[in-house]
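Source: prediction; values computed, not measured.
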Amino acid sequence: MDHLTFLLAILYVYTAPCEEISWDTTVKLAKNMSLECVYPLADSVTQIEWFKIKTERESVAIFNPMFRGIIRKAYTDRVYFSNHTAASNDMTLTFYNASEADVGFYSCFLHTFPFGAWEKVIRVVPSDSFEDAGPPNSQMVSEPGKNITLTCQPKEKSLLEEVSWEKVQPQQIDVLISCNLSHGRSYTSKYPRQILSNCSHGMKKAFVTIPNVTGSDSGLYRCGFKASTGEKETFVMRLTVTDGETKTPHILFVSGGAGLLLLSVILIITVTVITYKRRRRQQQRGPFKDFWITQNRAANNYRNTFPANPPSDGAGEDIYVNHPTFSRVPRARV
C-alpha cells in the first residue's frame with residue numbers, strides 16, 4: 001500500500017502542472033498593473049481571497065467586510081485592494097513594482113450569500129506575448145440604450161469546432177464567450193456585463209448581443225473561429241457608442257472643416273478667373289500698344305531738338321538777332 005501511495009503522489013506531481021486552465025482575462029505585465037475582479041450580481045460578498053495558481057495555490061491576500069483585509073507576507077508593500085469598502089463588490093487587486101516573477105495565473109475567489117462560491121481566473125503575460133487586436137475589419141456606431149448585435153461569419157465553409165468572442169483593450173483582453181462545438185460545451189466568462197450569444201453544433205456564424213449599451217461598451221471586439229480542419233480565422237470589429245455631450249462638438253468640427261474647404265475652393269477659383277482675365281486683356285492690348293509706340297516715335301522726329309528747359313546757370317551761348325532801327329524824328333506835316 002505504501003508503494004502505491006508513493007506512485008500516486010509522483011503521478012500527481014507530474015500531471016497537475018499539465019492540467020489545462022481556462023482564464024477569463026489576460027493582462028499585460030506592467031510595472032503598475034491591476035487585476036480586475038468585480039462581482040456582477042447583487043448578492044452580498046462575505047469573503048474574498050486572491051491566489052496565485054502554481055502547482056499549489058499560494059494565498060496573496062484576503063478580505064472580509066467585517067475584519068478588513070490582510071496582505072500575505074510575500075506580497076507586503078507590493079499589492080493592495082483598489083476598492084476595499086465593505087459594501088463594494090469590486091475586489092480589484094493592484095500591483096506596483098511588478099516584475100517577471102509576477103507572470104502567471106491568479107484566482108479571485110469569492111464567497112457570496114446566498115449564491116455561494118464564485119471564481120474569476122486572470123492570466124498575466126509578458127508584454128511581448130500580449131496579442132493586440134490589430135486593425136478592425138468593420139465598424140458600428142450606436143446611440144446609448146440600444147441593444148447591439150455583433151455578427152461574424154468565417155470565409156471557410158468547413159464545420160466549426162471552436163468559437164470565441166473577446167473584448168480587446170490596450171492592457172487587457174476579456175473573454176466574453178468560448179464555445180467548444182465538437183464537445184457541446186460552452187464557457188461564459190466572468191465579464192462584468194450581460195452578454196448574450198449563440199453556441200450550437202453546426203452553426204455557420206457567431207454573434208453576441210450587448211443589451212442597453214453605454215459609452216463603456218465602446219472598443220474593439222474580436223471573434224475567433226477554429227474549423228474541424230484546424231484552420232483559424234479572426235475578425236475584429238469596432239463599436240462606438242456616441243455620447244450626447246460630445247456629439248454636437250464633433251458635428252460642429254466636421255461642419256467647420258467642410259465650410260473651410262469650400263471657402264478655399266471658392267478662393268482658388270476666384271484667383272484663377274481674375275488671373276485669366278488679366279492675361280486676356282494684356283493679349284488684346286498688345287497690338288494697339290505697339291501701334292501707339294510707333295506713332296509716338298514718328299511724331300518725336302519733328303519736334304525741336306533744343307531742350308525744353310535751358311540751363312539756368314548762364315553757361316549757354318548768347319543769341320543775337322538783327323532787326324532794323326527806326327528813326328524817332330517826327331515827320332513834317334504838309
Side-chain angles (χ1 to χ4, degrees), residues 9 12-126 129-130 166-167 169 171-178 185-195:
Y12 174 78
V13 170
Y14 280 96
T15 57
C18 300
E19 182 182 356
E20 184 179 355
I21 300 177
S22 299
W23 60 89
D24 303 286
T25 301
T26 300
V27 176
K28 181 194 296 187
L29 177 66
K31 186 176 181 180
N32 298 319
M33 64 178 181
S34 293
L35 308 185
E36 185 181 84
C37 182
V38 180
Y39 183 63
L41 302 180
D43 303 333
S44 299
V45 177
T46 58
Q47 184 166 294
I48 175 177
E49 188 167 6
W50 276 93
F51 298 94
K52 185 172 185 181
I53 304 175
K54 300 180 179 180
T55 53
E56 295 182 357
R57 293 198 169 204
E58 176 187 10
S59 180
V60 176
I62 187 170
F63 180 84
N64 184 286
M66 183 178 297
F67 300 101
R68 315 305 293 173
I70 297 175
I71 306 298
R72 302 303 182 186
K73 185 176 181 180
Y75 294 89
T76 303
D77 299 330
R78 295 184 55 237
V79 301
Y80 63 93
F81 288 102
S82 303
N83 188 359
H84 55 275
T85 59
S88 175
N89 288 349
D90 185 353
M91 296 300 165
T92 299
L93 192 69
T94 299
F95 283 71
Y96 54 90
N97 292 327
S99 64
E100 293 289 337
D102 297 313
V103 170
F105 291 90
Y106 292 84
S107 168
C108 174
F109 195 87
L110 280 73
H111 294 277
T112 67
F113 180 84
F115 181 76
W118 182 89
E119 183 181 27
K120 178 180 180 180
V121 178
I122 299 175
R123 181 181 66 153
V124 178
V125 299
S129 300
F130 187 82
E166 301 170 314
K167 183 178 182 182
Q169 303 180 63
Q171 297 296 327
Q172 71 180 46
I173 301 173
D174 294 301
V175 177
L176 305 181
I177 186 79
S178 178
R185 295 198 306 263
S186 64
Y187 174 75
T188 303
S189 75
K190 306 307 188 298
Y191 186 67
R193 181 77 166 85
Q194 183 184 10
I195 300 292

Exercise. Can you check whether P65 reaches V45 side chain to side chain, under 4.5 Å on heavy atoms?
Worked result: no

Exercise. Side chains of P40 and K190: closer than 4.5 Å at any heavy-atom pair?
Worked result: no

For this session: With rounding to the nearest 0.5 Å, note down the distance linking SG in C108 to CD in E49.
Result: 10.5 Å

For this session: Calculate, to the nearest 0.5 Å, the distance between atoms CG and SG belonging to L93 and C37 respectively.
Result: 9.5 Å

Exercise. Got a second to check how far F95's CZ is from N32's CG, nearest 0.5 Å?
Worked result: 11.5 Å

Problem set entry | Any donor-acceptor pair under 3.5 Å from D24 side chain to V121 backbone | yes

Exercise. Does any N or O in the side chain of W50 come within less than 3.5 Å of the main-chain N or O of M91, such that one atom is a donor and the other an acceptor?
Worked result: yes

For this session: Please tell me if the side chains of F67 and Q47 come closer than 4.5 Å, counting only heavy atoms from C-beta onward.
Result: no

Exercise. Does the side chain of T25 come under 3.5 Å of the side chain of Q172 through a donor N or O and an acceptor N or O?
Worked result: no

Problem set entry | Check against side chain to side chain contact (heavy atoms under 4.5 Å, CB included), F51 and E119 | CA-CA 11 Å; F51 298 94; E119 183 181 27; over 6 Å; no

Problem set entry | Backbone of L41 reached by a side-chain donor or acceptor of N89 within 3.5 Å | yes

Problem set entry | Check: F109 ring centre within less than 6.0 Å of H111 ring centre | yes

For this session: Take Q171 and E36, measure what side chain to side chain contact (heavy atoms under 4.5 Å, CB included) needs, and give me the verdict at the end.
Result: CA-CA 11 Å; Q171 297 296 327; E36 185 181 84; over 6 Å; no

Exercise. Just by modelled atom types, is the T46 backbone N or O under 3.5 Å from a matching donor or acceptor in the N64 side chain?
Worked result: yes

Problem set entry | Straight-line distance of I21 CD1 to F105 CZ, nearest 0.5 Å | 5.0 Å

Problem set entry | Where V38 and W118 come nearest, the two heavy atoms and their spacing | O-CH2, 3.8 Å

For this session: Applying side chain to side chain contact (heavy atoms under 4.5 Å, CB included), run through I177 and I195 and close with a yes or a no.
Result: CA-CA 8 Å; I177 186 79; I195 300 292; 5.7 Å; no

Exercise. If you look at every heavy atom in Q169 and F130, which pair is closest and at what distance?
Worked result: O-CZ, 3.7 Å

For this session: Let me see the working for D90 and F81 under side chain to side chain contact (heavy atoms under 4.5 Å, CB included), right down to the final yes or no.
Result: CA-CA 9 Å; D90 185 353; F81 288 102; over 6 Å; no

Problem set entry | I70 CD1 to T76 OG1 distance, which is reported to the nearest 0.5 Å | 10.5 Å

Problem set entry | Donor + acceptor pair across side chains of T94, S82 (<3.5 Å) | yes

Exercise. Where do F113 and D43 come nearest, in terms of heavy atoms and distance?
Worked result: O-CB, 3.4 Å

Problem set entry | Pair D102 + R78: basic N to acidic O under 4.0 Å | yes

Exercise. Roughly how far, to the nearest 0.5 Å, is NZ of K31 from CG of N97?
Worked result: 5.0 Å

For this session: Heavy atoms only: give me the nearest L29-S99 pair and the separation to one decimal.
Result: CD1-O, 3.6 Å

Problem set entry | Nearest heavy-atom neighbours spanning M33 and A98 | CE-CB, 4.1 Å

Exercise. Do the side chains of L35 and V124 get nearer than 4.5 Å, heavy atoms only?
Worked result: yes

Exercise. Crowded around F115 CZ? As in, over 12 foreign heavy atoms under 6.0 Å?
Worked result: no

